[in-house]
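Side chains are part of it too, since the values below use all heavy atoms of this structure and drop only hydrogens, waters and symmetry mates.
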Amino acid sequence: GNRENGISIFNSTALKDIDIGDGSSVNGKVIIANNGGGISITGTGGIYGDEADIWIKAATIGTDIGQDVNGSNTKDGPDEGTAPDGGGDGVLIDLSVGVADVTIGTDANASFDEEEKVFIANNIHGINIGERLNQVTIAGAIIGLLYNAGSGDFEDAGGNSGAGIFVESAYTNFSNLNIGGYLADERVILSANNVGLDIVDAGPISGAAQIDIQNSCFGTTDDCFTHS
């Protein structure tokens, strides 16, 4: 495993379009385990009307689906073991200047939606939403459940030690957070984490973000019916 982040885009100037993963190809899958963190994107986004677009899809972070790879993302790499304590975030997006629109998981356009899903386990926060993100959509994601390749089931041993989804000091330019969606492929499962969804600061009353949560399950297994 890598000792730092699996993918790190750091202090990049004028970010435009970032696509990580490709659900339309069997070779487009991204697997990130045993690192300082999963995916970290910081730097400068676009301007209003020309926002940077960031899309993370077809990714398994801290675990793997279909293979016996259940490694955590830890701040000091694989020598720290596979426990989530002390790890990095599965996905961290925090811009210093500019603005970006973010999609994590499927875009629910009826094309490769199942293949675009993301699986995040064994991190500090599964997804950490930081500054200067305008529209954030998280859909088609299982966050906190660990896939057992032997049984073919999801288990609660892979919970993130922080929050499944963490939003802190995100008031700058933050307008919408959408979790889940109407379609089955847009469902978000948040289980076995210390906190499912933790919103610390989503903006002042005069300009608070709109937060929409639908077709999402907290504290269940991947079938959305059984307690985890």
Side-chain angles (χ1 to χ4, degrees), residues 1-10 18-23 26-42 54-78 80-94 102-107 114-130 133 136-149 154-167 179 187-198 216 222:
N2 303 297
R3 298 193 66 85
E4 299 295 335
N5 296 313
I7 297 174
S8 183
I9 301 174
F10 176 66
I18 299 175
D19 284 336
I20 297 175
D22 181 3
V26 68
N27 295 318
K29 181 178 179 181
V30 176
I31 304 169
I32 302 174
N34 287 328
N35 305 281
I39 298 171
S40 177
I41 300 174
T42 62
I54 300 170
W55 187 7
I56 299 169
K57 57 190 176 296
T60 59
I61 302 172
T63 182
D64 186 31
I65 305 302
Q67 300 183 41
D68 190 17
V69 179
N70 289 330
S72 66
N73 292 308
T74 60
K75 64 179 180 180
D76 294 319
E80 290 294 312
T82 58
D85 54 294
D89 295 327
V91 176
L92 168 64
I93 303 176
D94 187 15
V102 177
T103 300
I104 298 175
T106 179
D107 60 356
E114 176 69 26
E115 292 79 6
E116 289 168 354
K117 289 183 177 180
V118 296
F119 304 87
I120 302 174
N122 282 332
N123 307 279
I124 290 183
H125 300 305
I127 298 172
N128 189 339
I129 301 300
L133 304 182
V136 178
T137 299
I138 301 169
I142 294 180
I143 303 173
L145 295 178
L146 189 67
Y147 182 77
N148 186 317
F154 286 89
E155 302 174 348
D156 61 5
N160 299 292
S161 63
I165 299 173
F166 183 64
V167 180
I179 298 174
R187 178 179 291 165
V188 173
I189 312 292
L190 289 158
S191 289
N193 307 290
N194 189 43
V195 179
L197 171 62
D198 190 358
S216 298
D222 61 301

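Ser161 has its side chain within reach of Ile124: a pair of non-hydrogen atoms, C-beta onward, lies under 4.5 Å apart. In this structure, the side chains of Lys57 and Thr103 stay at 4.5 Å or more apart for every pair of heavy atoms. Counting heavy atoms from C-beta on, the side chains of Asp89 and Asn123 never come closer than 4.5 Å. By the 4.5 Å heavy-atom criterion applied to side chains, Asp94 and Asn128 are not counted as neighbours.
Asn193 places a side-chain N or O within donor-acceptor distance of the main-chain N or O of Ile143, the cut-off being under 3.5 Å. Using a distance-only test at 3.5 Å, with no hydrogens or angles considered, no donor-acceptor pair links the side chain of Trp55 to the main chain of Thr106.
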After noting the C-alpha distance and the side-chain angles of Ile61 and Val118, does the key distance pass the side chain to side chain contact (heavy atoms under 4.5 Å, CB included) rule?
-> CA-CA 8 Å; Ile61 302 172; Val118 296; over 6 Å; no

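Atom-to-atom distance recorded for Ile39:CD1 and Asn5:CG is 9.5 Å, nearest 0.5 angstrom. To the nearest 0.5 Å, the span separating CG on Leu92 from CD1 on Ile41 amounts to 8.5 Å. Considering CG of Leu190 and CG of Leu197, their distance stands at 7.0 Å, rounded to 0.5 Å. Distance check: Lys29 NZ to Asp22 CG gives 13.5 Å after rounding to the nearest 0.5 Å. Note that CD1 of Ile104 is 6.5 Å distant from CD1 of Ile120, once rounded to the nearest 0.5 Å. Rounding to the nearest 0.5 angstrom, the gap separating the CD1 atom in Ile20 from the CD1 atom in Ile32 is 7.0 Å.
In terms of the side chain to side chain contact (heavy atoms under 4.5 Å, CB included) criterion, residue partners of Ala163 (sequence neighbours excluded) are, by chain and number, His125, Phe166, Val195, Asp198. Residues forming a side chain to side chain donor-acceptor pair (under 3.5 Å) with Lys117 (at least two apart in sequence, or on another chain): Glu114.
Here the closest non-hydrogen pair linking Ala192 and Gly144 is CB-O, 3.6 Å. Here the closest non-hydrogen pair linking Ala121 and Leu146 is CB-CD1, 4.3 Å. Across all their heavy atoms, Ile138 and Val188 have their closest contact at O-CG2, 3.4 Å. For the pair Leu145 and Ser191, the tightest heavy-atom approach, listed with the atom from each and the gap, is CD2-CB, 3.7 Å.
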